[in-house]
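Let me begin by presenting the structure, written as structure tokens, before commenting on it.
FYI, the numbering just counts along the sequence from 1.
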Amino acid sequence: MMAAPIVVSFVMRSAFTLVDTVYAATLGDAAVAAVGLSIPLEFLMIACWVGLSTGLTSQLSQAMGARQGARIEQVLAVTRRLVWGLVPVFTAIGLGCFFFADRLGLAPEVARLFAVYGSVLIGGSAFTSFWSILPDSIVKAHHDTRTTMWAGIWSNVINVVLNTIFTFVFHWGVFGIALSTVVGRLGGLVYALRKAAAHENARKARHIDTDPTLDPAPLQSLMSLAVPAALTYGLMAVEASIVNRLLATLPDSTSAIAAYGIYYRVVQFAVMPIIATSVAVLPFVARRFGAGDVAGVRRGLREAILAGIGYCLFLVLPVMLLSGGWIAHRLAEAETTVHLTRLALWLAPLAALSLVPFQLCRPAFEGLQRGRPGLVMAMFRYVVLMVPFALLGKAVAERAGAPALLGLIVGLIAASALASAVFLVWMRRALRTLRPAAAAAAAAITPSSAADPAPAP
């Protein structure tokens, strides 16, 4: 019940980014490549967003459950200061895209378009993306995931409308595509702010905050979960950056980068229901862990993983096999790019399948108040395995006469599958030893802190 609206929301948010690739395809492969080159920077932004959101949502949920109104205001104030720190950082990164794009060893046209697209998207989103952390965390702490869904829908609708106007009426090219994304996020932010304010006003009107306790170290409490979560997503940005650098060395680098960009966007779109489910896993596991219900944790996580596997096998796989060629022809221009994209998309179901345990075990550990396992496994996946497996796959493909891009993708999928297997074994062992700790935690809960917050209006 909690995951369903988030699934819709995340699918819409993924479509949000896929829309840019669709419209860029009308401008040629160079524009598609420029959009693809922004993936590492977008992941860096997502890393900071998800990290801070994870910490804030956890802290707000705990404070609401304990009826600590003063602590809610305290953690919101700390988060606002952190957001004010992030805005100038990513504004500077956006400016860096503009001034240093020609030093990345790209084809001149690709470099020129990336300078425009990257600077507008990253610099502009710094003002519209990070501020959404606060209302988004507030509504989720109130168990209102429908607002998250509708904020994503509004953002995507605005993005599509403005993309159409800016691209086909004003002919602003990649500048208009990036600008429509920035403005679209502003629309979702305004909607979420209104809903968050309504929830908070209703909570305060009920006068249920009876515990005046403050957190003696609010920043430390917030960052204890935020930093591991942010570093995990930050390492994903490293992967995308390294892949783009490897592809830039190939003879037909523009086609390879464009094909990988399309493949990556499609895979991210395909795994959004899995990622959305992972968002619901954190509060699900945390509540049952607090109640000492280890069997419920194990059962819920097992069902989530099986649902993810079924989704990949029975939906993603047939869709990619049947429509991969059509997608390639619609989003790519040159015949080489179309060919590489079609082959890469046939691997997308395997990529999605390899991510299922990894994506769901990380928030499960966070629900157990353990952020370290997620960071350790991210380091294992993106630092230890990524480069050797990618280079090995690339070398094997070239020796076999196959496209280097396909070998590189297969290597990355193998690294992801191995990391997921190790993570799943770790999770199973943790659950087997969890029962005594869970029982002790449940016994320590006071009636006040155990009380559920009043239903959201």
Side-chain angles (χ1 to χ4, degrees), residues 1-17 19 45-46 48-65 67 69 72-73 75-77 79-80 83 125 127-161 181-206 208-209 222 226 229 269 272-284 286-287 363 366-367 452-457:
M1 292 176 63
M2 291 177 63
I6 304 177
V7 169
V8 176
S9 169
F10 275 42
V11 168
M12 294 298 294
R13 290 174 189 268
S14 182
F16 196 179
T17 57
V19 161
M45 180 172 284
I46 291 171
C48 295
W49 198 100
V50 169
L52 194 52
S53 175
T54 297
L56 178 59
T57 302
S58 177
Q59 291 294 305
L60 286 177
S61 299
Q62 187 177 4
M64 287 181 185
R67 302 187 178 183
I72 292 173
E73 299 302 326
V75 70
L76 287 173
T79 305
R80 289 188 190 98
V83 170
S125 294
F127 293 92
T128 59
S129 180
F130 290 122
W131 285 110
S132 67
I133 293 172
L134 286 96
D136 182 76
S137 296
I138 290 172
V139 297
K140 283 190 292 191
H142 282 280
H143 291 181
D144 176 15
T145 53
R146 287 178 297 178
T147 290
T148 300
M149 175 187 73
W150 281 107
I153 291 175
W154 278 114
S155 294
N156 208 45
V157 169
I158 294 172
N159 186 30
V160 171
V161 171
T181 301
V182 172
V183 178
R185 287 173 176 163
L186 183 61
L189 171 61
V190 171
Y191 178 82
L193 283 171
R194 291 182 57 191
K195 285 295 194 178
H199 280 298
E200 281 298 277
N201 289 336
R203 177 184 63 81
K204 294 173 182 177
R206 291 195 297 269
I208 60 174
D209 298 323
L222 186 67
F269 183 77
M272 274 303 118
I274 301 168
I275 296 176
T277 302
S278 75
V279 174
V281 164
L282 192 157
F284 175 88
R287 178 164 293 190
E366 291 171 346
D452 286 332

Is there side-chain contact between Pro135 and Leu189, with heavy atoms separated by less than 4.5 Å?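 A side-chain contact exists here, since the closest heavy-atom pair is under 4.5 Å.
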So do the side chains of Trp49 and Asp136 get within less than 4.5 Å of each other, counting heavy atoms only?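 In short, these two side chains touch, coming nearer than 4.5 Å.
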On a heavy-atom basis, which atom in [X] and which in [Y] lie closest, and how many Å separate them?
X      : Y      : value
Ala192 : Thr147 : CA-CG2, 4.3 Å
Gly51  : Ala229 : CA-CB, 3.8 Å
Cys48  : Phe130 : CB-CE2, 3.9 Å
Ile138 : Met64  : O-CE, 4.4 Å
Gly187 : Ile158 : CA-CD1, 3.7 Å
Asn159 : Thr181 : OD1-N, 3.3 Å

Donor-acceptor pair, distance only, cut-off 3.5 Å: does the side chain of Ser53 make one with the backbone of Val50?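 Not a single qualifying donor-acceptor pair exists.
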Answer yes or no: is there a donor N or O on one side and an acceptor on the other, between the side chain of Ser125 and the main chain of Val182, under 3.5 Å?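 The answer is no, because no donor-acceptor pair under 3.5 Å joins these two groups.
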Holding to side-chain hydrogen bond (donor to acceptor under 3.5 Å, both in side chains), I want the full list of residues that pass it with Thr128, two or more places apart in sequence or in another chain.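 Applying side-chain hydrogen bond (donor to acceptor under 3.5 Å, both in side chains) to Thr128 gives none.
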Nearest 0.5 angstrom please: [X] [atom1] to [Y] [atom2], how far?
X      : Y      : atom1 : atom2 : result
Glu200 : Ile72  : CD    : CD1   : 5.5 Å
Ser137 : Leu52  : OG    : CG    : 7.5 Å
Thr79  : Leu222 : OG1   : CG    : 4.5 Å
Ile153 : Asn156 : CD1   : CG    : 9.0 Å
Tyr191 : Thr148 : OH    : OG1   : 9.5 Å
Arg203 : Asp209 : CZ    : CG    : 4.5 Å

Do Ser132 and Arg185 meet the criterion of a side-chain donor-acceptor pair at a distance under 3.5 Å?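 Their side chains do not contain a donor-acceptor pair, so the 3.5 Å distance test is not met.
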Please verify the inter-ring angle class for His199 with His142; under 30° counts as parallel, over 60° as perpendicular, anything in between as tilted.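 His199 and His142: parallel rings.
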